[in-house]
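Some notes on the structure that comes next.
One-based numbering along the sequence shown.
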Amino acid sequence: MKTFNYIIKSGAMLALLCLVLTGCGDFLEITPRDQVTEDNFWNEKADIDQMVAGCYASMQADAFIRRCIVWGELRSDNIYPGANAQNNENIYQALRENLLTTNEYANWASFYAVINKCNTIIEKAPEVSLKDPSYRASDVNATIAEMTALRSLCYFYLIRAFDEVPFTREGVEQENKVTYLPASSFDYILGEIIADLESVKGYALEHYAAINSNDGIGERYNSNCNRITRSAINAMLTEMYLWQGNYDKAIACADEVLASKRKDYDREFKNQTSLSNTAPQLVEAPHGLIVPLYVNTQANPSVSANAIFGTGNSFESLFELSYNPNGIDDATYIHSSALGTLFGNNLPQNRGGNNGIGLLTVSPTIVADAPTNWKVFRNQYDVRYYNSLKSVDANYGEGSIRKLVANNFSLLDLSGSVPYNNYSENSFSIKVEEDRNWIFYRLTDIMLLQAEAYLMKATNDESEENTALLEKAFDLIYLVDRRSMVDRSRYLSESSLESKNRGQLIERLRQERNAELMFEGKRWFDLVRYCRQAGNLDIIQSTVTAKISGTVSFPSMAHLFWPYHKEECQKNPNLVQKSIYGEGKQTFELN
């Protein structure tokens, strides 16, 4: 996979960056810059570029990506302890909903480290432009937009994981100037980061300079997904507005993403006389929506999986962190060790793997569902089921995760009447290299968020306005579902779904998001958002508690969020631990 990386050749600069970019041990605790800054630093555009690269590198780090997975997926109904989970106390206790204040995943230092770097770059960029004429005003604005987006994304993760967290836009340069802040509310921070993104969106680059790249189809395409673009900001805003309940704004931002992707398609593929069957295609929905997507067929059932999760940096990607394709053989780059540890990828133990299965695995309810009920994945023609998980692992007697682990998907129809029922394990390739990308936003994610916004905006009234909203939502759901169905006769039909029924469409949408985005760090956050929309905990009580025995494990909304780490409360006198975690939570057993 291609990467966004700057190779730092200067020994002095490398030493400087190692110090300045060191992660925080606690909230906003960093090495004082006045002890490490060289005389010639913060003087030219190259200094800014190095620091920007450092922000992305910090997000690539194991601690950061692990939290994206643990906060966004671990507590959901999709995840169960893997073969080695009991050997990891932090993971195992979290799976049992015993969220202790000493749990390492309650530590948010890796996220605040990125926030502080972004704040510092935003403050320094205008000063550097006064010293370096080549660093133009437009460059400064683009840098500020990029760093504002990364900072906002970090805060968005933090509030979804912890609810209330400290919020600041100021960089900390000296240890003795650390300001310990109280926690600000979820809604306040959400409003602030939305306002920040709207203020800089117009300055963000639509595309970076073209480079020779390949997204697995033999065509030149510069995906521009490894750095923040205007489309990445619109993707963030789509989801943030949805959480805020501002559905018109969510729809508008998603429209901008779709329009940008259509322009990309027209520029790169429209005028080609013959497209490969693995290239994105224009796909039309029943009510006229046309979107460029990868399309799976029975002859080519893993087109989307290979492009998005195998080769990576695909046409559909909006923002993802990319790792070095040379893996453990190249020490110059950061390696993707988080996925190997949590999901497993046949790596040796000393490289972060778990010999084929990770600390986390597939919930038994999903494994049991597919052969008979098909309530999670829609039917046996849905290739996402086969490409996402392995229903039974011969070595461990339980399911294991393929998505985000395998680097090549090549399903073959070996079963006759039931597609891929007896597919070979050779259909999936898991390389030794730790080079699996982490995807924050991709096109079908935004399409389903927009569908949700249409459905939340609609009512149950039988009016022309509501009918139009439901039809728009149906088109988006239809397109996402269609590209994963390898039998045309199984495409969603309006008659079978009763597409004018808002309740049924909401249920279909939620099932579609889970099938499409399973294991991508989305499910738990989705469930929390559904609870906020409904004003109750019913959906979590009916899904997540199925994997936990004992009394009801979510007695209040407060129980959906993590406690503050014990050390954070000790060091920050203004940070008050949540009352439900004062004595620790009750322990539940896994079914």
- Message: Students often mix this up, so state it plainly: with edges at 30° and 60°, are the rings of W374 and Y385 parallel, tilted or perpendicular?
- Response: perpendicular
- Message: As a test of understanding, state which of W562, Y157, F162 forms a ring-ring contact (aromatic ring centres under 6.0 Å, His included) with W108.
- Response: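 Among the candidates, only F162 passes.
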Would you mind checking if [Y] and [X] are paired as a salt bridge, meaning a charged N to carboxylate O distance below 4.0 Å?
X    : Y    : value
R66  : E104 : no
E316 : R483 : yes
K522 : E516 : no

- Item | Stepwise side chain to side chain donor-acceptor pair (under 3.5 Å) check, D62 with S337 | CA-CA 6 Å; D62 179 90; S337 55; 2.8 Å; yes
Salt bridge (Lys or Arg N to Asp or Glu O under 4.0 Å) involving [X] - partner list, sequence neighbours excluded:
X    : value
E520 : K403, R442
K578 : none
R510 : none
D77  : R523

- Item | Cation over ring face, R532 and Y530, 6.0 Å, 45° | no
- Query: Looking at F156, is R160 sitting on its ring face, NZ or CZ under 6.0 Å from the six-membered ring centre and within 45 degrees of the normal?
  - Reply: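 Judged by the rule, R160 and F156 form a cation-pi pair.
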- Counterpart residues, side chain to side chain contact (heavy atoms under 4.5 Å, CB included), relative to N87 (two or more places apart): N84
- Message: T238: which residues meet the side chain to side chain contact (heavy atoms under 4.5 Å, CB included) condition with it, sequence neighbours left out?
- Response: C253, A254, I446, L449
[X]: partners by side-chain hydrogen bond (donor to acceptor under 3.5 Å, both in side chains), with sequence neighbours left out:
X    : result
Y454 : none
T372 : none
S542 : none
N536 : none

- L153 and F440: side chain to side chain contact (heavy atoms under 4.5 Å, CB included), yes or no, with the steps? CA-CA 9 Å; L153 182 61; F440 289 100; 3.9 Å; yes
- Query: Taking it one step at a time, do S231 and F319 satisfy side chain to side chain contact (heavy atoms under 4.5 Å, CB included)?
  - Reply: CA-CA 9 Å; S231 287; F319 181 46; over 6 Å; no
Under 3.5 Å donor-acceptor, [X] side chain and [Y] backbone:
X    : Y    : result
S317 : S314 : no
T297 : N300 : yes
N306 : N408 : no
R67  : A63  : yes

- Sequence neighbours left out, what passes ring-ring contact (aromatic ring centres under 6.0 Å, His included) with Y241? Give chain and number order.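 Not a single residue meets the ring-ring contact (aromatic ring centres under 6.0 Å, His included) criterion with Y241.
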- Item | Qualifying residues under ring-ring contact (aromatic ring centres under 6.0 Å, His included), relative to Y105, sequence neighbours excluded |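 ring-ring contact (aromatic ring centres under 6.0 Å, His included) list for Y105, sorted by chain: empty.
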- Task: Tell me whether the centres of the aromatic rings in W71 and F525 are closer together than 6.0 Å.
- Result: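 Not under 6.0 Å, so no.
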Heavy atoms only: give me the nearest [X]-[Y] pair and the separation to one decimal.
X    : Y    : result
L443 : P292 : CD2-O, 3.5 Å
R402 : L389 : NH1-O, 2.8 Å
S556 : H559 : OG-ND1, 2.6 Å
F474 : L492 : CZ-O, 4.2 Å
Y441 : E239 : OH-OE1, 2.7 Å
V480 : M447 : CG2-CE, 4.0 Å

Side chains of [X] and [Y], heavy atoms from C-beta outward: is any pair under 4.5 Å?
X    : Y    : value
M518 : I366 : yes
P81  : L95  : yes
Y564 : T101 : no
R378 : D481 : yes

- Message: Looking only at the side chains, is there a donor atom on one of N296 and S304 sitting less than 3.5 Å from an acceptor on the other?
- Response: yes
- Query: With distance as the sole criterion, is a donor-acceptor pair present between the side chains of D487 and Q298 under 3.5 Å?
  - Reply: no
- Show the numbers, then the answer: is there a side chain to side chain contact (heavy atoms under 4.5 Å, CB included) between W524 and I79? CA-CA 10 Å; W524 176 257; I79 297 296; over 6 Å; no
- Any chance you could lay out the side chain to side chain donor-acceptor pair (under 3.5 Å) test for Q577 and E568, step after step, and finish with the verdict? CA-CA 9 Å; Q577 185 62 264; E568 294 293 339; over 6 Å; no
- Message: Under the side-chain contact (heavy atoms from CB on, under 4.5 Å) test against F561, which residue among D163, I159, V165, L99 passes?
- Response: D163
- Message: Walk me through whether I69 and W438 qualify under side chain to side chain contact (heavy atoms under 4.5 Å, CB included).
- Response: CA-CA 10 Å; I69 299 169; W438 179 255; 3.5 Å; yes
- Report the distance from atom CG of D461 to atom CG of N466, rounding to the nearest 0.5 Å.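 Separation between the atoms: 5.5 Å.
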